[in-house]
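Each chain gets a letter, A, B and so on, in the order its sequence line appears, and its residues count up from 1.
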Amino acid sequence: MFFGREDHGKMDFDLSEDLVALQDVARDFADEHIAPHARQWDREADIPREVVRKLAELGFLGVFTPTEYGGSGLGDLAGAVIMEEIARHCGATALMLDAHNALCSAHIIRAASEAQKAKYLTRLATGECLGAWALTEPGCGSDAAALTTTAKLDGNHWVLNGAKQWITNGHYAEIYVVMARTDPTKGAKGISAFIVERNTPGFERGPKEDKLGMRASDTVGLMFDNCRIPKENLCGRLGEGFVDAMKVLERGRITISALSVGLARGALEESLSYAKQRAAFGKPIFDHQSIQFMLADMAMEIDAGRLLTRKAAILSDAKEPSNIDASIAKLFTSEMATRACLNAIQIHGGNGYTKEVPVERYMRDAKLCEIGEGSSQIQRMIIARHYLES
Amino acid sequence: MDFTFDDDHRMLQEQIREFAFREVAKGAAARDEEASMSEELLQQLRELGLFGIAIPDEFGGANMGTIASTMVVEEISKACAGTGVLLSAHTSLCVDPILRFGTAEQKKKYLPRMATGELIGCLSLTEPGSGSDAGAATCRAEIKGDQWHINGTKIFVTNGKEAGVMVLIAVTDPDEPKRRLSAFIVDKPVSGLRIGKLEKKLGIKCSSTAEFVFEDCVVPRDALLGERGRGMRVALTTLDGGRIGIAGQALGIAQACLYEAGKYAKTRVQFNQPIGKFQAIQNKIADISVGVEASRILTYRAAWLKDSGKEYGQAAAMAKLMASETASRAANHAVQVFGGYGYICDYPVERFLRDARITELYEGTSEIHRLVIARGLNA
């Protein structure tokens, strides 16, 4: 219907039984192992490695990784289901998974050689190594093709020089996919991707950024100073790093959308339970229309956002064009999540402004979703150009 | 999980889209200007079988369900929202309650003629003193011998002029607070029913909106639709379904706004480039696109739930709320993209703006939908 697929099936808005079972696993895990600690992780700006190991045991560190490399071999729909459940309690944990699965591992799955896949994917899927993905630089964010980090071939090594900024998982990761310029004359086509291991001489990480939200997820700058990596660490074809990165980002937007939906749902659930037990003027505040209307808007937008996310995911899983749907989902869900979280604080009143309830954390986390992996402004540009140029 | 239409639905969509673009669009401005429906267009709708799209084949319909009827309203509303609501009101507000609550005899009596469009249907629910608060109706039906005697006034009856049959909600048991209302099927014309005022409206001007004045209007005992005392349930269930149709109508309007705004933005040149190259215009196009997609997915989820026999009230409320508010926003954006040209009647976007506004009001205001959704959260 929506997307001109050739193999028209029968409309069905329900998740399959397998995915419902997966959802249960993710929900139970998040309830038990994430919810009780998320506030502390936010305060301490750290996610214990123990949690990463537990997520790996569930296969959540290899969501998209083929089973032959020790992964779960799941698609974007399954990934979105998992992401929503994790983000419902902790945006930062979800963001850590996002950078690991949807950016680092996904880039290797998409572009790397068999030898590289064999070498890295299993270590990423088992949680032995955490992954990061480095595109943004101090001087370029949305305009990623303007990046200036260089990679020059010197015998059997690539020599990297430059700096990356705002790299999620950058502090702890062992494996980094790094976009660098291999041909200064070719713009976007002069950019290639490389796999860089943590302990490579000439590769340093800066201090953790002090952020508004997503605090437990580490964000650092990376410095490359004559960093020599083996020639075979070129990931994908020479000059195609930017195209691969954009494709990875397009799919990654589905994951960020699911993360946004999870945060908004967390905000709604907290608000609902608060509104039912908090009384004002002789009745639960839930019974006041002003509160009901905020809750209704949250519920409606969450349902729409979840469906838009899943639609993009289904398209991606079917190898159909999904980039516009992913942009639509990302734009809608990230902006609605911030709205939902702000309203959640409003419903909680003064309590919502304190750290005694999680909604202020959700709001701080949600704001990132409007900025990272393509800002709302970039998404609008993508969507409008698609419409106006088609 | 699969959000695609099946082949039958897809073929129908192509057919109706073509028809709407070719036939419905061309007279839309004139019908709006004259505030009247065209009999020729009604005849075309009949010939295409659009009045019977959701009526089972045993009664001569296409038996394609809510997904199809919603899609028809959406496609027609892209060209003319007034024509869209005529179909929506017929199917959701009159065919649907007869199908759901009618006896075998009632179905046999009415549905075949409704399927062909010989009888166009309507719902008489709203009164001067009872809009959102439908339970406060005062139009009275009293049983005397073998007949019901109806007295009172209904207003804002969509299709009131064209209709040959109505579902009427009236007070049968004023002293039983929970069972005050009953539903009836009433033929039109019928002695004792006078068509009062035909409303002049802001938008959907070609769709008739009538006042029905009942003055000792007599209908047979078996005109009762469903159980006596269950009129409120008939009304609310009917409106739940009607909301999916209105969501389809609003979705159609929003897409028409996107289409016209996009077309204009590509051709209108200011400061030496098409205005679509300016981010300020692009942002509006993007926001309409996103609203359309969100509305579409909620609308067809609700239709699918209804066709699947699942609970759909909450989903229908979400679809209607999202789609109607999206349509108004989209139309406002479209007028802005057109600038001064958007404000004059040579272009259709001012009509879209006027037409969109009703979708936030009828078959449950936005406020009622927010209440419905919130109450669902408390369940």
Indicate the atoms forming the closest heavy-atom contact of [X] with [Y], along with that distance.
X: A304(A); Y: M322(B); result: CB-CE, 3.8 Å
X: Y387(A); Y: Y259(B); result: OH-CA, 3.3 Å
X: A265(B); Y: L388(A); result: CB-CD2, 4.0 Å

In terms of heavy-atom pairs under 4.5 Å with chain A, which of [options] leads?
options: H9(B), E367(B), Q279(B); result: E367(B)
options: N283(B), V372(B), I288(B); result: N283(B)
options: I285(B), I373(B), L305(B), L258(B); result: L258(B)

Evaluate side-chain contact (heavy atoms from CB on, under 4.5 Å) for R370(B) paired with Q292(A), printing each intermediate quantity in order. CA-CA 7 Å; R370(B) 288 194 164 87; Q292(A) 288 188 354; over 6 Å; no
Salt bridge (charged side-chain N to carboxylate O under 4.0 Å, His left out) contacts touching residues 380-390 of chain A (sequence neighbours left out):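 The answer is E335(A)-R380(A), R380(A)-D287(B).
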What part of L77(A) gets within 4.5 angstrom of chain B, counting heavy atoms only: side chain, backbone, both, or neither?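 Contact with chain B involves the side chain of L77(A) alone.
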Check whether L308(A) gets within reach of chain B through its side chain, its backbone, both or neither, counting any heavy atom under 4.5 Å.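 Contact with chain B involves both backbone and side-chain atoms of L308(A).
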For chain B, which residues from residues 262-289 of chain A have at least one heavy atom closer than 4.5 Å to it?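 Result: L268(A), L272(A), K276(A), F286(A), Q289(A).
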Around [X], counting heavy atoms of other residues, nucleotides and ligands shown, do more than 12 lie under 6.0 Å from its [atom1]?
X: K277(B); atom1: NZ; answer: no
X: Q23(A); atom1: CD; answer: yes
X: Y341(B); atom1: OH; answer: no

Would F13(A) and D2(B) count as a side-chain contact (heavy atoms from CB on, under 4.5 Å) here? Give the steps. CA-CA 6 Å; F13(A) 280 80; D2(B) 185 345; over 6 Å; no
Can you tell which of I383(A), L331(A), D297(A), I324(A) has the highest number of heavy-atom pairs within less than 4.5 Å of chain B?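 Highest number of heavy-atom pairs under 4.5 Å: D297(A).
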From [atom1] ([X]) to [atom2] ([Y]), nearest 0.5 Å:
X: S289(B); Y: F332(A); atom1: OG; atom2: CZ; value: 13.5 Å
X: R296(B); Y: L307(A); atom1: CZ; atom2: CG; value: 13.5 Å
X: I297(B); Y: R306(A); atom1: CD1; atom2: CZ; value: 12.0 Å

Taking it one step at a time, do D12(A) and W304(B) satisfy side-chain contact (heavy atoms from CB on, under 4.5 Å)? CA-CA 7 Å; D12(A) 184 354; W304(B) 172 81; 3.2 Å; yes
Yes or no on side-chain contact (heavy atoms from CB on, under 4.5 Å) for M11(A) and D307(B), after CA distance, side-chain angles and deciding distance? CA-CA 10 Å; M11(A) 191 182 274; D307(B) 281 346; over 6 Å; no
Does the side chain of R301(B) reach to within under 4.5 Å of the side chain of D303(A), using non-hydrogen atoms?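 Answer yes - side chains close enough.
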Side chain / backbone / both / neither for K310(B) at chain A, heavy atoms under 4.5 Å: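 The answer is the side chain of K310(B).
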